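As the structure lists them, so they are numbered: ligands from 1, and atoms in each ligand from 1. Note that the structure is predicted; figures quoted are calculated from it, not measured.
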Amino acid sequence: MSETPENETPAATGVPEARDHAAQAGQLDAADPLGATIRDRFVLDAPSDRASGDAGVYLDGNSLGALPRAVPGRIADVISREWGEMRIRSWDESGWWTAPERIGDKIAPLIGASPGRVVVGDSTSVNVFKAVVGGIRMAGKGCTEILVDATTFPTDGYIARSAARMTGLAVRPVEPTRIADEVTERTALALVNHVDYRTGELNDLPGITTALHSAGALAVWDLCHSAGALPVEVERYGVDLAVGCTYKYLNGGPGSPAYLYVRESLQDRFDSPLPGWNSHAEPFGMAPDYAPADGIVRGRVGTPDILSLLALETALDVWDGVSLEDVRTKSLALTDFFLDCVAAYVPPGRVRSITPYDHGRRGSQVSLECSGAAEVMTELIRRGVVGDFRKPDVLRFGFTPLYTSFADAERAAWVLGEVLRALPEQDPRTAGAGG
Ligand SMILES: Cc1ncc(COP(=O)(O)O)c(C=O)c1O
């Protein structure tokens, strides 16, 4: 396996002698309670799909989750029977009309919520708008500002600034670790990402939520990169409002609808800035005046995207019998193991992890700073290892505990080492950094 020329030692070239972590990967996979049976619920590459005989490695489930095997059959049935044959009767008889709340109840246990607290529909961006404006409308009269996670995924910041402009409040970007110190009695709410999309850092949801409440502010969390990757406990920690997407770790498919969580004690006061007819107390009354429905239904807007919703509903069946504690244990073990393999296989100084080593601060991805990262990722993908690249120089590898194996992690690190040995180092800024 070694690529070391005969006249050089491995230490001199930085080339590892063998894939000495492969056996350990096999043992870890054999002992994995979320092993082959859960992985088999997904469509993934087989070794025969690639000329090299190696199965492709998919480490981009933090961007688009893999396809659950049961989804194509369900969607074929929805199209041919529920739409093709039953047509408009399906709104009632096939349960289309109530799908946003029904599927919300299926997401609820994954974020630590009770039934009736989550509704599915629209994009995350739209739900950020509903949550932020709805939150501002519930805040005390003297509030003059909202805080926004300074490291947020950009859409949250764009929407929050627009929401603040519409409601006459100021926006203050604050690092998540500083929110407890920066919140004041003038703060209506803070909008925070549970896991940082770029670095994979897990923010302190219990601590930040408590600090916000102590100052009288609401806590609005973006769960896009945590739900389905680790246990999230919105009710236990008193989260007020939360949003999240379903196409990453919830495997709902490209553009599958997002969700909105509203704490039970706030639902009566939740005044949606998008009061569409689907959230009306009597949608088919066609009244000119708006009267909100009770409960989480008031988070709905217009006609739901049924095909995507029902794909998501079936995708969520993969969680049957899965313990979120097992998911978290495996996620941390996978990311630890990948970091070990990277240290063993990658030439020293070529990458530096910007994901915290501390388990308490890590989500389910590993982000490596690497000069020439765009080109490196292109070459990784060409060799069958799919992660992604974020500007300016970050390689992101997402670990989806339901289907990523330890063998995947080992192979990805090995191929990364091969690619970096094949490509010359481009930027001396990262030289000397640890593997
Ligand atoms: C943390 C986070 N928030 C919001 C979004 C945007 O979601 P949407 O495109 O569904 O509006 C994303 C998309 O990847 C995200 O990662």
Contact (N/O only, under 3.5 Å) between Asn193 and ligand 1: no
Identify, for atom 16 (O) of ligand 1, the protein heavy atom at the shortest distance, and state residue, atom and that distance. His225 NE2, 2.9 Å
Would you kindly specify which portion of Ser125 sits under 4.0 Å from ligand 1, judged on non-hydrogen atoms: side chain, backbone, both or neither? both
Cys224 neighbourhood, listing ligand 1 atoms whose heavy-atom distance to it stays under 4.0 Å: 1 (C), 2 (C), 3 (N), 4 (C), 15 (C)
Is it true that Asp317 and Lys106 make a salt bridge, defined as a side-chain N closer than 4.0 Å to a carboxylate O? yes
Check this for me - ligand 1, Tyr197, N or O atoms closer than 3.5 angstrom, yes or no? no
Is a salt bridge present between Lys248 and Asp60, judged by a nitrogen-to-oxygen distance below 4.0 Å? no
Which of the atoms in ligand 1, numbered in the order shown and given with their element, are less than 4.0 Å from a heavy-atom of Thr155? 4 (C), 5 (C), 6 (C)
Look only at interatomic distance and state if Tyr247 has a nitrogen or oxygen under 3.5 Å from any nitrogen or oxygen of ligand 1. yes
Given the ring of Trp97, does Arg300 sit roughly above its face, with NZ or CZ under 6.0 Å from the centre of the six-membered ring and within 45° of the axis? yes
At a 4.0 Å threshold, what atoms of ligand 1 neighbour a non-hydrogen atom of Asp156? 3 (N), 4 (C)
Among all protein heavy atoms, pick the one closest to atom 14 (O) of ligand 1 and tell me residue, atom and distance. Lys248 NZ, 2.7 Å
Are any of the side-chain nitrogens in Arg87 or Glu82 under 4.0 Å away from the carboxylate oxygens of its partner? no
Counting heavy atoms under 4.0 Å, the part of Thr152 that contacts ligand 1 is neither
Side chain, backbone, both or neither: which part of Thr124 has a heavy atom under 4.0 Å from ligand 1? both
Hey, are Arg382 and Glu379 close enough for a salt bridge, meaning a charged N less than 4.0 Å from a carboxylate O? yes
